[in-house]
Amino acid sequence: MKFLFKTLVACVSVFLLTFSPIQAQRFSAVVNISDFNIDNTSSGNTNIDYAGSTSLLLNARYFTKKNWAFRAGVGLDNINYTVGDGITTDYDARRRDLTGVFGIEKHFKVAFLDFYPGVFIPITVVGEDVIQQNFDNIQNGNTRAGLGVVGGVNARLFKILLVGVEFDATFDDFKTGFWEGVNELSFAPISGVNYNTSFTVGVTF
């Protein structure tokens, strides 16, 4: 009997902690983890095929009393790709880009759920392309900016824990360098809208 009573008390406590009325939040820190896609491209007879791209992004949000949130984040994108014309310049490469994100969101609370749409500007510092075969690495060092829209939902558990999912679409317009031959470095234009889905986990207070 005591065991059943303790179990009932524990279940009620967890329910109250999880689904009790949520106090207004002022700050949150959330990590986004995702695989993302970049449209494959080509230049002449050379194709650039992107695969295995992953992103880790840490976001900080400040909430106003009217449930607007100002967002700033910093993250790392790991990009793997293959270049090849099927004859002489086939090679694998990888690159790490550093990305900063600045945006604004509108949050809507429904029970323990937090829905939000928003807009953001990603600013990317392009890293060095590390070539896996007998070509020199490509030194980039340039910076580019895009424009994106975002939508997401978080479940707020135990008053401080956030878990959820986020979707975004970002327009980018930039050029990427690649080797067409041992001494022939070219740049292919890449532009369009890229879509991304992230899993999110963090804390709020």
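In what follows, residues are counted from 1 in the order of the sequence shown.
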**Message:** So which atom in G75 and which in L57 form the shortest heavy-atom distance, rounded to 0.1 Å?
**Reply:** N-CD1, 3.5 Å
**Fill in**
Heavy-atom nearest pair, G84 first then D90, reads CA-OD1, 3.0 Å
**Connected hydrophobic set around L56, excluding itself, where side chains approach under 4.5 Å** = V31, I33, L58
**Prompt:** Thinking salt bridges, do E128 and R96 make one under a 4.0 Å N-O criterion?
**Reply:** no
**Request:** Considering only Ile, Leu, Val, Met, Phe, Trp and Tyr, and joining two whenever side-chain heavy atoms are under 4.5 Å apart, list the other residues clustered with I123.
**Result:** F102, I121, L147
**Prompt:** If you measure only the distance, is there a donor-acceptor pair under 3.5 Å linking the side chains of D92 and N80?
**Reply:** no
**Complete:** Here the pair of heavy atoms bringing N137 nearest to I131 is OD1-N, 3.0 Å
**Item:** Set of residues satisfying side chain to side chain donor-acceptor pair (under 3.5 Å) with respect to T197, sequence neighbours excluded
**Value:** none
**Prompt:** How far does CG of N194 sit from OG1 of T170, to the nearest 0.5 angstrom?
**Reply:** 7.0 Å
**Item:** Least distance between heavy atoms, V30 atom then L162 atom
**Value:** CG2-CD1, 4.0 Å
**Message:** Which residues pass the side chain to side chain donor-acceptor pair (under 3.5 Å) test with N32, not counting sequence neighbours?
**Reply:** N59, E166
**Message:** The test is side chain to side chain contact (heavy atoms under 4.5 Å, CB included); show your working for L161 and R156 and say whether it passes.
**Reply:** CA-CA 6 Å; L161 179 64; R156 189 171 176 183; over 6 Å; no
**Fill in**
In this structure, OG1 of T124 is separated from CG of D172 (nearest 0.5 Å) by 6.5 Å
**Request:** Please report the C-alpha distance between F199 and V163 in whole Å, then the side-chain angles of each, then the deciding distance to 0.1 Å, and finally whether the side chain to side chain contact (heavy atoms under 4.5 Å, CB included) criterion is met.
**Result:** CA-CA 8 Å; F199 294 101; V163 293; over 6 Å; no
**Request:** Can you sort out the partners of R144 under side chain to side chain donor-acceptor pair (under 3.5 Å), two or more places apart, ordered by chain and number?
**Result:** none
**Message:** According to salt bridge (charged side-chain N to carboxylate O under 4.0 Å, His left out), does anything in residues 117-126 pair up with another residue at least two apart or in another chain? List the pairs.
**Reply:** none
**Asked** Are any of the side-chain heavy atoms of D168 and F120 separated by less than 4.5 Å?
**Response** yes
**Fill in**
Applying side-chain contact (heavy atoms from CB on, under 4.5 Å) to S34 and not counting sequence neighbours gives S55, N196, S198
**Fill in**
Tracing side-chain contacts under 4.5 Å among Ile, Leu, Val, Met, Phe, Trp and Tyr outward from V74 reaches L98, V125
**Message:** With ring-ring contact (aromatic ring centres under 6.0 Å, His included) as the rule and sequence neighbours excluded, what pairs involving residues 59-84 come up?
**Reply:** F27-Y62, Y50-Y81, F63-H107
**Request:** Specify the closest pair of heavy atoms between D136 and W179, including all atoms of both residues, with the distance to one decimal.
**Result:** O-NE1, 2.7 Å
**Message:** Please determine whether residues V101 and V149 belong to a single hydrophobic cluster, defined as Ile, Leu, Val, Met, Phe, Trp and Tyr linked transitively by side-chain heavy-atom distances below 4.5 Å.
**Reply:** no
**Fill in**
Contacts of D97 meeting salt bridge (charged side-chain N to carboxylate O under 4.0 Å, His left out) (sequence neighbours excluded), chain-then-number -> R95
**Item:** Considering all heavy atoms, the nearest G177-I138 contact
**Value:** O-CD1, 3.5 Å
**Item:** Within one Ile-Leu-Val-Met-Phe-Trp-Tyr cluster: V203 and F158, side-chain cutoff 4.5 Å
**Value:** no
**Complete:** Tracing side-chain contacts under 4.5 Å among Ile, Leu, Val, Met, Phe, Trp and Tyr outward from Y195 reaches F171, V193
**Request:** Using the side chain to side chain contact (heavy atoms under 4.5 Å, CB included) rule, take F187 and F178 through it: C-alpha gap first, then chi angles, then the decisive distance, then the call.
**Result:** CA-CA 6 Å; F187 292 87; F178 65 96; 5.8 Å; no
**Asked** Going through the distances and angles, do R71 and V150 end up as a side chain to side chain contact (heavy atoms under 4.5 Å, CB included)?
**Response** CA-CA 12 Å; R71 173 177 178 175; V150 63; 4.1 Å; yes
**Request:** Mind checking the CZ-OG1 spacing from F174 to T143? Nearest 0.5 Å is all I need.
**Result:** 13.0 Å
**Message:** Please report the interatomic distance CG(D129) to CD1(I79), rounded to the nearest 0.5 Å.
**Reply:** 8.5 Å
**Nearest-0.5 Å distance, CZ of residue R94 to OG1 of residue T82** = 13.5 Å
**Request:** List for me each residue that meets side chain to side chain donor-acceptor pair (under 3.5 Å) alongside D173, sequence neighbours excluded, and say none if there are none.
**Result:** none
**Message:** Measuring from atom OG1 of T64 to atom CD1 of I104, what distance do you get when rounded to the nearest 0.5 angstrom?
**Reply:** 8.0 Å
**Prompt:** Would you say F115 and V110 make side-chain contact, with heavy atoms under 4.5 Å?
**Reply:** yes
